[in-house]
Participant: 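I have a structure here, written as structure tokens, and I will follow up with some questions on it.
For the single chain, residues carry numbers from 1 onward in sequence order.
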Amino acid sequence: MGVIDPNKVCQIALVVDDIERVAQNYAELFGVPVPNIWELPPQSEAHTRYHGEPCHSHAKLCVFDMGQVVLELTQPDELPSSWKQYQDEHGQGVHHIGFQVKDRDQVMQFFAEKNAPERLYGEYTGGNYTFVDSEREFGVLINVKYEEGQQ
């Protein structure tokens, strides 16, 4: 058995240049209202770190609920972040695929052994997320999402 259950895919995330335009296009495509667009909470609240250093990005996000999976759009600001790094290197595109995990430590140990260290870490009420520097080994960044009480 692997360290990540493939049935626990929960997120596809895109970096975009104009979140309002792209969100409107997806809303029309899906026939739904444009979700709320919001900014990342401050570093003091979310404890975000990028390559181990405090991350003060105020990137804009919006999320389309698509059942088991959400489509997350992120428009980076000019401050250093994983999203800004991706935008600088690739432009718009798929930033990461997220998986809900039961044992974050076990998953992070697996990625460390694959030379895929933590790239960005953040917290939210009830959980945390970690973007793993996995592009070289997996073709995309992977988001390890851990929520208290999840099975």
Participant: Apply salt bridge (charged side-chain N to carboxylate O under 4.0 Å, His left out) to Glu78 and list each qualifying residue two or more places apart in sequence or on a separate chain.
Facilitator: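 For Glu78 the salt bridge (charged side-chain N to carboxylate O under 4.0 Å, His left out) partners, ignoring immediate neighbours, are Lys84.
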Participant: Between Gln68 and Asn7, which heavy-atom pair has the shortest distance, and what is it?
Facilitator: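 In this case the closest contact between Gln68 and Asn7 is NE2-O, 2.8 Å.
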Participant: Evaluate the side-chain proximity of Pro117 to Val132: yes if any heavy-atom separation is below 4.5 Å, no if none is.
Facilitator: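 Val132 vs Pro117: side chains apart.
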Participant: Do Ile37 and Cys62 touch side chain to side chain, with heavy atoms closer than 4.5 Å?
Facilitator: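 Yes - at least one pair of side-chain heavy atoms lies under 4.5 Å apart.
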Participant: Report whether Phe110 and Val9 are members of the same hydrophobic cluster (ILVMFWY, side-chain heavy atoms less than 4.5 Å apart, transitive linking).
Facilitator: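 Hydrophobic grouping puts Phe110 with Val9.
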Participant: Got a second to check how far Leu61's CG is from Asn36's CG, nearest 0.5 Å?
Facilitator: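 Taking CG in Leu61 and CG in Asn36, the distance rounds to 12.0 Å.
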Participant: Can you check whether Tyr129 reaches Thr48 side chain to side chain, under 4.5 Å on heavy atoms?
Facilitator: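 Counting from C-beta outward, Tyr129 and Thr48 do come under 4.5 Å.
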Participant: Which atom names give the shortest non-hydrogen contact between Tyr146 and Lys102, and what distance separates them?
Facilitator: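 Nearest pair, atom of Tyr146 first, then Lys102: CE1-O, 3.4 Å.
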Participant: For a quick test of your reading: what N or O donor-acceptor pairs under 3.5 Å do the side chains of residues 10-22 make, sequence neighbours left out?
Facilitator:
| from | atom 1 | to | atom 2 | distance (Å) |
| --- | --- | --- | --- | --- |
| Gln11 | OE1 | His96 | NE2 | 2.7 |
| Gln11 | OE1 | Asn143 | ND2 | 2.7 |
| Gln11 | NE2 | Glu72 | OE1 | 3.1 |
| Asp17 | OD1 | Gln87 | NE2 | 2.8 |
| Asp18 | OD1 | Glu20 | N | 3.3 |
| Asp18 | OD1 | Arg21 | N | 3.1 |

Participant: Determine whether the aromatic ring centres of Phe138 and Phe111 lie less than 6.0 Å apart.
Facilitator: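 Ring centroids of Phe138 and Phe111 are less than 6.0 Å from each other.
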Participant: Check salt bridge (charged side-chain N to carboxylate O under 4.0 Å, His left out) between Glu39 and all other residues, then give those that pass, not counting sequence neighbours.
Facilitator: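 Not a single residue meets the salt bridge (charged side-chain N to carboxylate O under 4.0 Å, His left out) criterion with Glu39.
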Participant: Do Leu120 and Trp38 land in one hydrophobic cluster if side-chain heavy atoms of ILVMFWY residues count as linked below 4.5 Å?
Facilitator: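 Linked, Leu120 and Trp38 end up in one cluster.
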Participant: Please find the pair of heavy atoms, one from Trp83 and one from Leu40, that lie closest to each other, and give the distance.
Facilitator: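 Distance-wise, the nearest heavy atoms are CZ3-CD1, 3.4 Å.
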Participant: Please round to the nearest 0.5 Å and tell me the distance separating atom OG of Ser81 and atom NE2 of His51.
Facilitator: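 The OG atom of Ser81 sits 9.5 Å away from the NE2 atom of His51.
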Participant: Are Tyr26 and Met66 grouped together when hydrophobic residues (ILVMFWY) are joined by side-chain heavy atoms under 4.5 angstrom apart?
Facilitator: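 Cluster IDs for Tyr26 and Met66 match.
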Participant: What distance separates Ser134 OG from Ile97 CD1, expressed to the nearest 0.5 Å?
Facilitator: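 Ser134 atom OG to Ile97 atom CD1 measures 9.0 Å (nearest 0.5 Å).
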Participant: What do the steps show when you test Gln43 against His58 for side-chain hydrogen bond (donor to acceptor under 3.5 Å, both in side chains), and what is the final call?
Facilitator: CA-CA 9 Å; Gln43 195 279 335; His58 295 284; over 6 Å; no
Participant: State, with a plain yes or no, whether a side-chain heavy atom of Leu71 is found less than 4.5 Å away from one of Leu73.
Facilitator: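 With C-beta onward as the side chain, the pair touches.
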Participant: With side-chain hydrogen bond (donor to acceptor under 3.5 Å, both in side chains) as the criterion, how do Ser82 and His95 come out once you've worked through the C-alpha distance, each side chain's angles and the decisive distance to 0.1 Å?
Facilitator: CA-CA 9 Å; Ser82 182; His95 179 263; 2.9 Å; yes
Participant: Which residue pairs satisfy the salt bridge (Lys or Arg N to Asp or Glu O under 4.0 Å) criterion with at least one member in residues 112-130, sequence neighbours excluded?
Facilitator: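 Sorted result for residues 112-130: Arg49-Glu118, Arg104-Glu118, Arg119-Asp133, Arg119-Glu135.
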Participant: Let me confirm one number: the CD-CG distance from Glu28 to Asn25, rounded to the nearest 0.5 Å.
Facilitator: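 Answer for the CD-CG pair, Glu28 versus Asn25, is 6.0 Å.
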Participant: Nearest 0.5 Å, what's the OH-NE2 distance between Tyr50 and His56?
Facilitator: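 Rounded to the nearest 0.5 Å, the OH-NE2 separation comes to 14.0 Å.
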Participant: Just by distance, do the side chain of Asp77 and the backbone of Ser57 share a donor-acceptor pair under 3.5 Å?
Facilitator: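 Checking the backbone N and O of Ser57 against the side chain of Asp77, no donor-acceptor pair under 3.5 Å is found.
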Participant: Got Val70 and Phe64 here, is their nearest side-chain heavy-atom distance under 4.5 Å?
Facilitator: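 The answer is no, as the side chains (C-beta and beyond) never meet within the 4.5 Å cut-off.
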Participant: If I compare all heavy atoms of Val107 with all of Val101, which pair ends up nearest, and what's the gap?
Facilitator: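 Scanning both residues completely, I find the closest heavy atoms to be CG2-CG1, 3.9 Å.
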Participant: Would you name the heavy atoms of Ile142 and Phe99 that are closest together and state the gap between them?
Facilitator: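 So the two residues come closest at CG2-CD1, 3.9 Å.
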Participant: In the single-linkage hydrophobic clustering (I, L, V, M, F, W, Y; side-chain heavy atoms under 4.5 Å), do Tyr124 and Val144 co-cluster?
Facilitator: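 No, because Tyr124 and Val144 fall into different hydrophobic clusters, even though each may have its own neighbours under 4.5 Å.
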Participant: Roughly how far apart are Ile4 CD1 and Gln106 CD, rounded to 0.5 Å?
Facilitator: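 The distance works out to 9.5 Å.
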Participant: Go through the structure and list residues passing side-chain hydrogen bond (donor to acceptor under 3.5 Å, both in side chains) with Asp103, not counting sequence neighbours.
Facilitator: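 If we apply the side-chain hydrogen bond (donor to acceptor under 3.5 Å, both in side chains) test to Asp103, skipping adjacent residues, there are no hits.
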Participant: Taking side-chain hydrogen bond (donor to acceptor under 3.5 Å, both in side chains) as the definition, give me every residue that meets it alongside Glu137, ordered by chain and number, with sequence neighbours left out.
Facilitator: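 Glu137 satisfies side-chain hydrogen bond (donor to acceptor under 3.5 Å, both in side chains) with no other residue.
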